[in-house]
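In this text, all values refer to a predicted model and were calculated from it rather than measured experimentally. Numbers restart at 1 for each chain; the letters A, B, ... are given by sequence-line order, proteins then strands.
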Amino acid sequence: MAQTITEKILAAHSDREEAKPGQLIKARIDLCLGNDVTAPIAIKEYQKAGADQVFDPSRIALVLDHFTPNKDIDSAQQCAQVRFFARDHQIEHFYDVGQMGVEHALLPEQGLVLPGDCVIGADSHTCTYGALGAFSTGVGSTDLAAAMITGQAWFKVPEQMRFIYNGKRGKWFGGKDIILFTIGKIGVDGALYRTMNFTGPVIRELPMDDRLALCNMAIEAGAKNGVIEPDEITKEYIKTRAKREYKLYESDSNALYVATYEWDITGMEPQVAFPHLPSNSKPVSRAKEIKIDQAFIGSCTNGRISDLRDAAEILKGNRVDRNVRCIVIPATQEIYRQAMKEGLFDIFLDAGCAVSTPTCGPCLGGHMGILAEGERCIATSNRNFVGRMGHVKSEVYLSNAAVAAASAVTGRITHPEEVAK
Amino acid sequence: MKLKGKSFKYGDNVNTDEIIPARYLNSSDPDFLASHCMEDIDPDFVKEKNAGDIIVARKNFGCGSSREHAPIAIKAAEISCVIADSFARIFYRNAINTGLPIIESPDAAADIQKGDELEVDLDGGTIKNLRTKKTFSFEPMPPFAQEIIQAGGLMKYVMKDKQE
Ligand code: SF4
């Protein structure tokens with residue numbers, strides 16, 4: 001039977017010829033992930049079950065990224081718990097302050113996830129790695145605990161949806177804009193329990209950083225996973241990173257999809273998602289009277305080097321509006337160093353931005369930029385739910401990095417063209 | 001299993017930040033989490049709820065993050081089950097793994113209003129609204145989910161499987 005890339009990966013990891021939507025399967029996993037919020041619960045479950053050995057210490061990644069460097073005593077306790085567990089079990093891929101980055105930027109960068117992998121993470125944005133041609137999905141802490149013991153996870157094979165993008169992408173229209181547009185069309189449950197297959201000429205030319213941002217937000221449409229077929233861009237990305245074997249899967253041309261959407265993106269403006277759902281997306285020009293108090297450039301969606309370059313291109317020679325705080329958080333140590341080398345920090349500092357060490361920080365309202373009552377933030381992160389970044393009466397608008405930077409300069413939501421020199 | 005309680009009613013897309021805000025995720029203590037359950041969407045919830053009460057919502061309940069703190073908070077708040085049109089997938093998974101009964105029933109979710117007295121028969125697959133006197137039937141959970149629940153949660157299921 002003709003199959004998609006997701007069906008093939010799930011079949012291969014459960015030793016069967018094919019995996020059909022609706023089937024319940026037990027699959028081997030290549031990597032499982034936890035962070036400082038979800039791993040403590042997984043560790044508790046692991047210990048409660050009386051386990052004392054993990055299935056493979058080289059196949060578990062533990063990343064302390066949410067409330068780190070620790071924001072208070074409770075988060076310090078949680079991190080300590082994960083640290084001891086990692087030490088006790090000789091977890092190879094344990095990332096503490098000084099090496100860590102935001103998990104979904106860090107794992108692909110470090111070559112820990114590769115094409116053809118089957119990956120679970122106790123974090124909803126684990127779907128990011130579909131950008132590399134992997135099957136990758138978010139689960140809960142108990143699933144992580146079970147996977148750490150058995151190296152396996154249960155899945156219901158998801159139904160397949162296809163999204164085809166044609167046309168020519170504008171300069172300031174990237175992976176983030178594609179996904180905000182798409183969620184705006186299908187809604188926050190438009191792909192519930194399903195796979196989003198992203199394809200078409202626009203995707204074939206989309207750089208890896210944009211692909212990662214695109215797949216990162218598949219969960220915001222309710223999807224189980226999002227995936228892009230691996231190609232030359234994928235191979236180029238993993239060339240220097242892969243330290244183990246991997247497999248490039250393709251979807252069969254006659255594979256079955258429960259729905260297909262096709263759009264032409266020629267001439268589309270950058271997108272902004274209004275509060276309080278990622279599906280409230282509109283072209284940026286429809287947001288132009290909206291004043292902001294803060295701009296946040298970072299997170300697992302858009303804290304990568306190309307995002308920082310976009311922001312720097314806008315901020316160069318400009319000043320952040322005096323009524324705006326602009327916070328820039330490179331997603332990993334490597335991105336941080338690269339940005340520094342390229343002189344981007346000088347541009348940010350000259351413009352009046354604050355630049356932080358890698359952390360999730362304000363994305364989930366943890367620390368490093370919490371909003372007060374009535375405040376508005378334009379953010380490059382992925383969620384704008386009520387209270388996500390602070391006070392319940394604060395507001396978050398989602399955009400790409402160039403829009404966030406341009407808005408920081410003018411003090412209101414702004415098309416990058418207006419500010420770019 | 002038969003459940004009885006009064007309903008708390010919410011709309012579409014109740015997300016995990018509303019069920020338990022991220023600012024409380026520096027703890028995984030169930031009672032602490034329960035004391036902040038639904039805080040940003042319904043500040044009175046914690047004061048008004050009684051043991052056995054039922055949360056009812058519309059589409060896509062539990063969307064957002066993968067935090068198991070969400071079903072843990074609801075369970076520790078002594079809510080006996082959640083009824084909704086549909087659930088976000090990680091929440092659905094987490095509810096099974098932590099043993100929080102959840103029911104997909106768009107018809108019941110449309111009929112029930114805040115404060116209605118409900119009777120739920122989990123095995124029989126029925127929901128009765130004592131105010132409107134209507135009864136709704138629902139699909140029991142898929143067999144694999146029932147196996148996990150019968151084993152007492154995913155971890156017990158896994159350890160049993162491992163020993164065999
Ligand atoms: S940056 Fe935000 S969305 Fe990404 S892992 Fe961290 S908290 Fe989650």
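Neither the backbone nor the side chain of Ile41(B) comes within less than 4.5 Å of any heavy atom of chain A. In this structure, chain B has heavy atoms under 4.5 Å from both the backbone and the side chain of Tyr193(A). For Glu45(A), the parts sitting under 4.5 Å from any heavy atom of chain B are the backbone and the side chain alike. For Val37(A), the parts sitting under 4.5 Å from any heavy atom of chain B are the backbone and the side chain alike. There is no contact between Ala42(A) and chain B, counting heavy-atom distances below 4.5 Å. Contacts between Thr16(B) and chain A at a heavy-atom distance below 4.5 Å are absent for every atom of the residue. Heavy atoms closer than 4.5 Å to chain B are found nowhere in Lys48(A), neither backbone nor side chain. Contacts between Ser27(B) and chain A at a heavy-atom distance below 4.5 Å involve the backbone alone (N, CA, C, O). Heavy atoms of Leu364(A) lying under 4.5 Å from chain B belong to its backbone as well as its side chain. Interface remark: Lys26(A) contributes side-chain atoms only to the contact with chain B (heavy atom separation under 4.5 Å). For Lys156(A), no part lies under 4.5 angstrom from a heavy atom of chain B.
Ranked by heavy-atom pairs under 4.5 Å with chain B, the first of Ile370(A), Leu277(A), Ile73(A), Asp72(A) is Asp72(A). With chain B as partner, the option from Gly138(A), Ser75(A), Pro40(A) having the largest number of non-hydrogen pairs under 4.5 angstrom is Gly138(A). Taking Thr137(A), Ile219(A), Asp36(A), Thr38(A) one by one and counting their heavy-atom pairs under 4.5 Å with chain B, the maximum is reached by Thr137(A). Your options are His66(A), Arg388(A), Lys71(A), Lys224(A), and the one with the most heavy-atom pairs under 4.5 Å with chain B is Lys224(A). Chosen from Asp40(B), Asp12(B), Leu25(B), the residue pairing most often with chain A at heavy-atom distances under 4.5 Å is Leu25(B). Taking Gly140(A), Cys79(A), Gly365(A) one by one and counting their heavy-atom pairs under 4.5 Å with chain B, the maximum is reached by Gly140(A).
A salt bridge does not link Asp121(B) to Lys128(B): none of the charged nitrogens lies less than 4.0 Å from a carboxylate oxygen. A salt bridge links Glu220(A) with Arg383(A); the closest basic N to acidic carboxylate O contact falls under 4.0 Å. In summary, Asp85(B) and Lys59(B) do not engage in a salt bridge, as defined by a charged side-chain N under 4.0 Å from a carboxylate O.
Minimum heavy-atom separation, Gly390(A) to Arg23(B): O-NH1, 4.2 Å.
In this structure, Asn97(B) CG and Tyr92(B) OH are separated by 11.5 Å, a value rounded to the nearest 0.5 Å. For the atom pair CD1 (Ile29(A)) and CZ (Arg59(A)), the distance works out to 9.5 Å, reported to the nearest 0.5 Å. Atoms CD1 and CG, from Ile83(B) and Leu118(B) in turn, are 5.5 Å apart once rounded to the nearest 0.5 Å. Between the CG atom of Leu10(A) and the OG1 atom of Thr195(A) there is a distance of 7.5 Å, given to the nearest 0.5 Å.
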Review point. After noting the C-alpha distance and the side-chain angles of Thr301(A) and Asn216(A), does the key distance pass the side chain to side chain donor-acceptor pair (under 3.5 Å) rule?
Key: CA-CA 6 Å; Thr301(A) 320; Asn216(A) 177 269; 2.9 Å; yes
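Of the possible polar contacts, one joining the Asp53(B) side chain to the Lys6(B) backbone as a donor-acceptor pair under 3.5 Å is found. Although no hydrogens or angles enter the test, the distance criterion places no donor-acceptor pair under 3.5 Å between the side chain of Thr150(A) and the main chain of Phe55(A).
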